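Written out below as structure tokens is the structure these notes cover.
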Amino acid sequence: MALWFDETYGGKIRFGLRLKRSLYQGKSEFQTVDVVETEEFGRALALEDAWMTSERDEAHYHEMIVHPALTTAKKIARVLVIGGGDGGTIREVLRHPEVEHVTMVELDKLVTDVCKEHLTSFGVPWNDPRLDLQFGDGIAYLNNYQGELYDVILIDGSDPVGPAEGLYASPFYASVRRCLVPGGVVASQTESPIAMAEDFARIVKTLRTSFTRAEPYFVPIPLYPSGMWSFTYASDSVDPMQLDEARAARIEQDARYYNRDIHRAAFAQPSFVRKLLK
Ligand code: SPD
């Protein structure tokens, strides 16, 4: 009998992949964790039965949460990643030679342990000396942070329910702002404008009350509900269209999804999105 793994969203949307086999099933104090080998998307990670990443389309997500911010921020020496337990986001951050230090704060150590074992094709440089990997609550980390400010902060959380809910609210964005250099850049995953239209609009509007500008941008991620996904770029002074051409050209050479045309085009808003954000 064929084996399938489905994400059901809101009782109305279901996206399933046929499996070759299950590689890992477990439960941490925070969530269920699954790694499966699928017929069409390669190996994939699911948390609480929601798809998080797959070998087939992870580059869309990880290149696009990172490079719009890192090819436009004035300085990118110090980067903070909240979440991102599979390591795809730090892999892309560490491709920039100007990055001197990246701290990643992941809530659930089990997620990272399981990804290190089963998603080796992601090629995450876990031993890069520039990486400071910490396990704990990203909200508490920022609330208590007294160190040197970050040039860029990337929020690679799971969906805004359960343990990640606080990563999409005003008090958290106030902490992010406090820990960012003046004129620094933030990028966050901000859900689907189709499948989670209300969440998407609420999060973007909240970011707009916390930063001078917050511009959503869009990326096809077939693994996620509806396939249309958003990230939001927030800053008090940096324009996401003002690329550092040399940085972007270098990244583009080895990227699977990102390039300068995609960067610019991703910020175009479909008319229904403009209405949602009014
Ligand atoms: N519904 C999926 C939400 C995406 C959350 N982040 C995925 C982690 C990839 N590093």
Side-chain angles (χ1 to χ4, degrees), residues 5-10 12-17 30-36 41-67 69 79-95 102 104-116 118-119 121-126 131 133 138 153-168 187-200 203 216-232 256-258:
F5 191 104
D6 290 348
E7 171 177 352
T8 304
Y9 183 76
K12 294 179 190 160
I13 296 177
R14 185 161 67 187
F15 182 70
L17 292 174
F30 306 107
Q31 56 205 343
T32 59
V33 178
D34 282 88
V35 181
V36 291
F41 278 62
R43 293 185 175 198
L45 169 73
L47 303 178
E48 289 289 298
D49 295 333
W51 295 115
M52 288 294 128
T53 193
S54 80
E55 289 179 320
R56 176 86 176 262
D57 63 358
E58 62 92 2
H60 300 208
Y61 184 100
H62 294 122
E63 291 179 9
M64 290 301 283
I65 193 172
V66 172
H67 301 312
V79 178
L80 172 66
V81 176
I82 299 292
D86 53 75
T89 296
I90 55 163
R91 178 195 68 212
E92 294 303 317
V93 170
L94 289 164
R95 288 181 57 207
V102 53
M104 170 177 143
V105 184
E106 162 60 40
L107 181 66
D108 194 344
K109 183 170 185 297
L110 180 65
V111 171
T112 298
D113 288 345
V114 162
C115 291
K116 278 183 180 174
H118 295 288
L119 297 182
S121 71
F122 277 32
V124 180
W126 293 107
L131 174 64
L133 176 58
I153 298 182
L154 303 171
I155 304 159
D156 182 10
S158 48
D159 302 300
V161 285
E165 195 174 355
L167 299 180
Y168 305 91
S188 175
Q189 83 85 7
T190 47
E191 303 291 292
S192 166
I194 294 178
M196 299 98 174
E198 280 180 23
D199 283 338
F200 160 76
I203 297 166
Y217 58 99
F218 303 96
V219 181
I221 302 184
L223 188 68
Y224 293 165
S226 84
M228 181 180 183
W229 209 253
S230 76
F231 299 90
T232 298
R256 282 175 281 169
Y257 188 83
Y258 178 86

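In this text the structure is predicted, and so the values were computed from the model without any measurement. Computation of the quantities below employed the complete heavy-atom set of this structure, encompassing side-chain atoms and omitting hydrogens, waters and symmetry-equivalent molecules. Whatever order the structure lists them in is the order used to number ligands and atoms, beginning at 1.
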For [atom], closest protein heavy-atom neighbour:
atom: atom 6 (N) of ligand 1; value: Tyr61 OH, 3.0 Å
atom: atom 5 (C) of ligand 1; value: Gly157 O, 2.9 Å
atom: atom 1 (N) of ligand 1; value: Asp159 OD1, 2.8 Å

salt_bridge(Arg256, Glu92) N-O dist < 4.0 Å: no
Heavy-atom contacts with [X] under 4.0 Å: which atoms of ligand 1 show up? List them by number with element.
X: Asp156; answer: 6 (N), 7 (C), 8 (C), 9 (C), 10 (N)
X: Tyr224; answer: 2 (C), 4 (C), 7 (C)
X: Met52; answer: 5 (C), 7 (C), 8 (C), 9 (C)
X: His62; answer: 9 (C), 10 (N)
X: Ser158; answer: 5 (C)

Option whose closest heavy atom lies nearest to atom 9 (C) of ligand 1, chosen from Ile90, Asp86, Thr53: Asp86
Side-chain donor-acceptor pair under 3.5 Å between [X] and [Y], yes or no?
X: Glu63; Y: His67; result: no
X: Asp86; Y: Thr53; result: no
X: Ser188; Y: Thr232; result: no
X: Glu106; Y: Thr112; result: no

Which segment of Trp229 sits under 4.0 Å of ligand 1 when only heavy atoms are counted: side chain
Trp51 and ligand 1 - part of the residue with a heavy-atom distance under 4.0 Å: backbone
Any donor-acceptor pair under 3.5 Å from Tyr61 side chain to Pro220 backbone: no
Parallel, tilted or perpendicular: ring planes of Trp51 versus Phe15, cut at 30 and 60 degrees: perpendicular
